[in-house]
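See structure below.
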Amino acid sequence: MPSLSEVQAAFSAAIFDPAAAPPRGVVGPDRRPAPRRFGVYRNNVVSALGNAIAGSFPAVRRIVGEDFFRAMARAYVLAEPPISPVLLDYGTTFPDFIAGFAPAASLPYLHDVARIERLWRESYHAEEAPALAPDALASVPEDELPRIAFSLHPSLRLARSRYAALTVWRMNATDEPVTPVDISAAEDALIVRPGAEVEVRKVPPGGAAFVTALAAGETLLAAAETAQAADARFDLAGNIAGLLAAGALRDIRRA
Amino acid sequence: MTAAAFAPMPIPPRAGVGLKPEHYAAILDTAPDIGWFEIHAENYMGAGGPPHRYLTAIRDRYPLSLHGVGLSIGAARPLDKDHLRRLRALNERYQPGLFSEHLAWSSHDTVFMSDLLPVPYNEETLARVADHVDEVQETMGRRMLLENPSTYVAFEASTMSEIEFLKGVVRRTGCGLLLDVNNIHVSATNQRYDAVDYLDAFPIEHVGEIHLAGYAPETDDNGDPLLIDAHDRPIDPLVLRLYERAIARAGAVPTLVEWDNDVPDWPTLFAEAERVEHVLRPARRRSEERSLAVAV
């Protein structure tokens, strides 16, 4: 008799290979091979994992339509099944998979929309933390301001795109009718959940470089210089006010 | 945010339902008179966010049962220690009245398949499952309930019946059982044995909870009936009749309505729980009368 480990190795290999015959020793009540019965498990696995992906990427699903999405999700499930039983984390690599999925090549912004949805989900499930009060900087002496740094809110995520991925995502995140979009305008999205609701905002010029520098621990002055270098239109006061209003900052750290 | 510790709240012998995000608001807004809720543990394994906020508010008002769907107790490979730790953390945080998992496997190597896959019933599997149940009970610091599965295939490697197997696990580990009556009907139909015989032979004295759900009818390789444990529709009348027989044997036992796919609106799900209460209410009355008689 095969060992339990051998039975399960054969069973799981046949689950992920649609062309494979059911493993030996798996039978119906008449003790005869039962491919259709085994197919129930194959179908359950692929559809359960596909449903997990479908639930996490509703805008991508709306953009490409149900049939295309199901085929793409199925290809992903077979290529990259989850390693953890916590399916909240499944789909982290789906945006990259879409970027390399040839049938979706005509929608070059699609993987960026997927990235917004993935990061939205991470933000939704992120650790809880109070956000810095909007007037918190008032208590910092002016001469110290350039040297302070920030820890960012644990739910903060940044999704950068060469396309108008944020506009496309927003339009497809609800059932509202869609209108034509100029996708050539690059957009960066700030995603944060300081309270119960995930909020997604468009990042002003230079803002993404600024947030990235702050996340790396740079001081306010250094991060402002980094952002200025990235985009000459960078506006420090406007960006700081925007981050505070969004609840994107957690604490002030003094050097 | 540190969660306040909840006082333990035992699961009453009433009808409960599986908690779905679609119903969070309706439950908190209308405070329905329902016995308890059950969660799939894996849906609450994020660090924070709305699921925990809602669950905390609901646990404040109702008893809660914790039901794992991803531990893979029937796997040949060792249990996932990280996953066990996550289960223990949920158990400590929410103080559920019951904790249960499945006689099934869902992980092999590094792959999680998100389905409750069947095991051959023999001595090797029994030893492996018993070791895993021991490890779960030690790690969680509590007794668990093990659920009888729905199955679509059999194994040539099986040498004992499902009931002999379940009795063996109970004898070796001291765990309790979760009796899924829909699974009895589904498996009995699929494996061509008699559901009533199975139920009558079930070690009912170890049952701490019952599950009910709807199934989808399909056909097998010979064109004969094959039932799928779909959890996507009302409880079948045949299953409800089998449930009445289970309650006649067991007395009033906490009973859950599972409806996980094509989730209906809250009034529809609540009405389904009422069908179950219809069976449980007289059983509770009978056991109250019995205990009164003993007291006199």
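Residues A/Pro29 and B/Arg192 share a closest heavy-atom pair of CG-CG, 3.5 Å. B/Asn43 approaches A/Leu88 most closely through the heavy-atom pair O-CD1, 4.0 Å. What you find for B/Phe112 and A/Ser84 is that their closest heavy atoms are CD2-O, 3.5 Å. Of all heavy-atom pairs between B/Pro50 and A/Ala196, the closest is CG-O, 3.3 Å.
Of the possible polar contacts, none joining the B/Asp220 side chain to the A/Ala34 backbone as a donor-acceptor pair under 3.5 Å is found. With hydrogens and angles ignored, the 3.5 Å screen pairs a side-chain donor or acceptor of A/Arg36 with a backbone N or O of B/Thr219. Of the possible donor and acceptor atoms, one in the side chain of A/Tyr41 sits under 3.5 Å from a partner among the backbone N and O of B/Tyr152.
Between chain A and the options B/Ala47, B/Ala154, B/Ala157, heavy-atom pairs under 4.5 Å are most frequent for B/Ala154.
At a heavy-atom separation below 4.5 angstrom, chain A is approached by B/Gly70, B/Gly74, B/Ala75, B/Ala76 within residues 68-78 of chain B.
For the pair B/Glu156 and A/Arg24, the salt-bridge criterion is not met [side-chain N within less than 4.0 Å of a carboxylate O].
For A/Ile83, the parts sitting under 4.5 Å from any heavy atom of chain B are the backbone and the side chain alike. Both the backbone and the side chain of B/Thr151 come within contact range of chain A, each with at least one heavy atom under 4.5 Å from a heavy atom of that chain. Looking at A/Val7, the atoms closer than 4.5 Å to chain B (heavy atoms on both sides) all sit in the side chain, from C-beta outward. The contact between B/Asn222 and chain A is made entirely by side chain atoms (from C-beta outward), counting heavy-atom distances below 4.5 Å. Looking at B/Asp80, the atoms closer than 4.5 Å to chain A (heavy atoms on both sides) all sit in the side chain, from C-beta outward.
A distance of 7.5 Å separates CD of A/Gln8 from OG1 of B/Thr125, quoted to the nearest 0.5 Å.
Side-chain atoms of B/Met45 and A/Pro85, non-hydrogen and from C-beta on, never get closer than 4.5 Å to each other.
In this structure, A/Phe11 and B/Trp105 have perpendicular ring planes: the angle between them is above 60°, well past the 30° mark.
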